There are 2 protein chains.
Amino acid sequence: MSCEAVLVETLRSRGMRVTPQREMVLAALHELGGHSSVEEIHQQVITKSDAVDKSTVYRTLELLKELGLAIETDMGDGIQRYELAAHRAHGHLRCVCCGRVAPLELADLDALKDHLLAAFGFAMRDHQVIVGFCQNCRQAQGGRRPAV
Amino acid sequence: MSCEAVLVETLRSRGMRVTPQREMVLAALHELGGHSSVEEIHQQVITKSDAVDKSTVYRTLELLKELGLAIETDMGDGIQRYELAAHRAHGHLRCVCCGRVAPLELADLDALKDHLLAAFGFAMRDHQVIVGFCQNCRQAQGGRRPAV
DNA sequence: CTTGCTGCAAAGTCTTTGCATGTAC
DNA sequence: GTACATGCAAAGACTTTGCAGCAAG
C-alpha cells in the first residue's frame, strides 16, 4: 500500500479530513527523499500550489509524525528535519564541518545498539545521527579540528 | 593548570580581556557540572552578579567554544547545551521519552568509532549523543513507542 | 588613554497559536 | 449543513546584533 493510501485510510479511520495540503506535504517528503527541513518541504509544496502557508506545513508535519507516517530528526544543527517513516531504516552521518549528511546502514549500528540494550537497557533509535568529521573535511583541514 | 588559569592565559595571549563576566561563565560551567543550557548558565551566573546580561552569556559561550574551553552539544531537543572541554571524554544517552540524559563511557562507543573511521573515513566526535528510550520508559510504556 | 567588552534594546529566525473563512464529507 | 482544516497575522521562544558607555590593560 502506498504512503498516500495509508494517509487516506488513517485519516478517514480517525474522522480526520483528506486535504490537498496534507497530500502535497506527504508527496514533498517523497520527492525530497530524506531528512528535509520545514523550509525545503514548504518550497517543494508551493511549486505545486503557492498559496499553502508554512504554518500548515508545520501542522501537517506534526500530524504525520503523530500518525507514524513521518519521522522528525534533529541533526544537531538546531533545525528539525523530516523524512518518511518508510525511509526510517537507516542512520545518518553528519559532518559538523561541511554540514553534509550521509545515510548509514543500520547494520553499522547494530553492534552498538545491542551493546547499549544489554549494558543499560537503553533502546537506541534506528535513525540515530552520528556527528563528526567526514573524510573530505578531515583531509582538507589536516590537523585542525574545531572544538565542536 | 586550572580552567581559570587556562582562560586567563589564552585570553592574554590573544590580546583579549579577562573580565569578571567571562570568569563567572566559566565558573558556572564548572558548578553546573555538564550539558547546561544557556538559561541555566545565565541563572547560575546571576546568583553572583545579577547585572550580567544573557547576551553576554551567549557571547562568552561562543568565545569559550572558539578557544576550545567549552563544547556545544545539541541533544536533539533543539536546545544548545554547553559543558567544559575538560568534561569532554564521554558521550550521552538521551531518552526521547523522559528527556533525561545519562553519561556514556567512551569505551562503549569505541567499537563504532573505529568501524566508522575504517569503513567511511568518518571521525566520530567523542561527545556523541545517542538517542532512544531509557530502561524506565521502556518498562513504563510497554510496547507503545512514539514515532520519533 | 585606547580598544575591546558589556548592558540594553531592538531585530532576526524558527515555530506556535488565535481566529474568521473555507471546504471535506 | 457541520465540523475540521486552512491562511493570515500576531505572538512566543531563543539567539544575534548595533551601539554608546564602561573598564581592562
Side-chain angles (χ1 to χ4, degrees), chain A residues 4-5 7-28 35-43 45-46 48-67 69-70 72-82 99 148, chain B residues 4-5 7-28 35-43 45-46 48-67 69-70 72-82 99 148:
Chain A
E4 283 76 12
L7 176 67
V8 171
E9 289 218 353
T10 311
L11 289 175
R12 291 236 164 96
S13 72
R14 300 195 182 202
M16 302 171 113
R17 294 185 182 161
V18 181
T19 64
Q21 290 89 338
R22 287 173 176 176
E23 290 175 325
M24 285 189 289
V25 168
L26 188 70
H35 36 81
S36 314
S37 67
V38 172
E39 178 63 30
E40 289 162 348
I41 295 165
H42 184 225
Q43 288 302 320
V45 167
I46 63 181
K48 297 173 189 166
S49 173
D50 61 358
V52 178
D53 195 76
K54 202 182 273 187
S55 66
T56 300
V57 176
Y58 275 105
R59 282 187 282 226
T60 304
L61 288 169
E62 181 67 25
L63 175 68
L64 292 177
K65 195 176 73 173
E66 284 169 14
L67 298 181
L69 290 170
E72 183 186 83
T73 309
D74 190 318
M75 294 288 169
D77 58 0
I79 298 175
Q80 287 296 342
R81 292 170 183 277
Y82 294 84
V148 284
Chain B
E4 282 76 13
L7 176 66
V8 171
E9 289 218 354
T10 312
L11 289 175
R12 291 235 165 97
S13 72
R14 300 195 182 203
M16 302 172 111
R17 291 182 184 166
V18 181
T19 64
Q21 290 89 337
R22 288 173 175 176
E23 290 176 325
M24 285 189 289
V25 168
L26 189 69
H35 35 81
S36 314
S37 67
V38 172
E39 178 62 31
E40 289 163 347
I41 295 165
H42 183 225
Q43 288 301 321
V45 167
I46 63 180
K48 296 173 187 166
S49 173
D50 61 358
V52 178
D53 195 75
K54 203 183 272 188
S55 65
T56 300
V57 175
Y58 275 105
R59 283 186 281 226
T60 304
L61 287 169
E62 181 65 25
L63 174 68
L64 292 177
K65 195 176 75 173
E66 283 169 14
L67 298 181
L69 290 169
E72 183 186 83
T73 309
D74 189 319
M75 294 288 170
D77 57 2
I79 298 175
Q80 286 297 343
R81 292 170 183 277
Y82 294 83
V148 283

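Protein chains get the first letters and strands the later ones, always in sequence-line order, with residue 1 at the start of each. Here the structure is a predicted model, which is why all the values come from computation and not from measurement.
- Between the CD atom of A:Q80 and the C1' atom of C:dT15 there is a distance of 11 Å, given to the nearest Å.
- Five base pairs at each end of the helix from C:dC1-D:dG25 to C:dC25-D:dG1 define two local axes, and these are offset by 30° (rounded to 10°).
- Considering all non-hydrogen atoms of both residues, A:S37 and A:R81 come closest at N-NH1, 4.0 Å.
- Protein atom CD of B:E40 is 17 Å distant from nucleotide atom C1' of D:dT15, rounded to whole Å.
- Pairing each heavy atom of B:H42 with each of B:V57, the nearest pair is CD2-CG2, 3.8 Å.
- Rounded to an integer number of Å, the gap from CG of B:L67 to P of C:dC5 is 11 Å.
- For B:S49, the side-chain contact (heavy atoms from CB on, under 4.5 Å) criterion is met by B:M24, B:V52, not counting sequence neighbours.
- Of all the heavy atoms in A:E40 and A:H35, the pair that sits closest is OE1-O, 4.3 Å.
- The two residues A:K48 and A:A27 come nearest to each other via the heavy atoms NZ-CB, 3.6 Å.
- Taking every heavy atom of residues 14-25 of chain B and every atom of DNA chain C, pairs under 4.0 Å involve B:M16, B:R17, B:T19, B:Q21, B:R22, by number.
- Separating the CG atom of B:L63 from the C1' atom of D:dT16 is a distance of 16 Å, rounded to the nearest angstrom.
- Between A:H42 atom NE2 and C:dT13 atom P the separation is 17 Å, expressed in whole Å.
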Just do the side-chain contact (heavy atoms from CB on, under 4.5 Å) check on A:V38 and A:Q80 with the steps written out, would you?
CA-CA 7 Å; A:V38 172; A:Q80 287 296 342; 5.5 Å; no
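- Considering all non-hydrogen atoms of both residues, A:L63 and A:M16 come closest at CD1-CE, 3.5 Å.
- Separation of atoms CG (A:L69) and CG (A:L61) is listed at 11.5 Å; rounding is to 0.5 Å.
- Rounded to an integer number of Å, the gap from CG of A:L7 to P of D:dA5 is 12 Å.
- Within residues 49-62 of chain B, the residues having any heavy atom under 4.0 Å from DNA chain C are, by residue number, B:A51, B:V52, B:D53, B:S55, B:T56, B:R59.
- Rounded to whole Å, the distance from CD on A:E72 to C1' on C:dT16 is 13 Å.
- Each salt bridge (Lys or Arg N to Asp or Glu O under 4.0 Å) pair with one or both residues in residues 52-61 of chain A, not counting sequence neighbours, appears once here: A:E39-A:K54.
- In this structure, CZ of B:R12 is placed 16 Å from P of C:dG4, rounded to the nearest angstrom.
- Partners of B:V18 by side-chain contact (heavy atoms from CB on, under 4.5 Å), not counting sequence neighbours, listed by chain and number: B:V8, B:L11, B:R12, B:E23.
- Smallest separation of non-hydrogen atoms from B:A28 and B:V45: CB-CG2, 3.9 Å.
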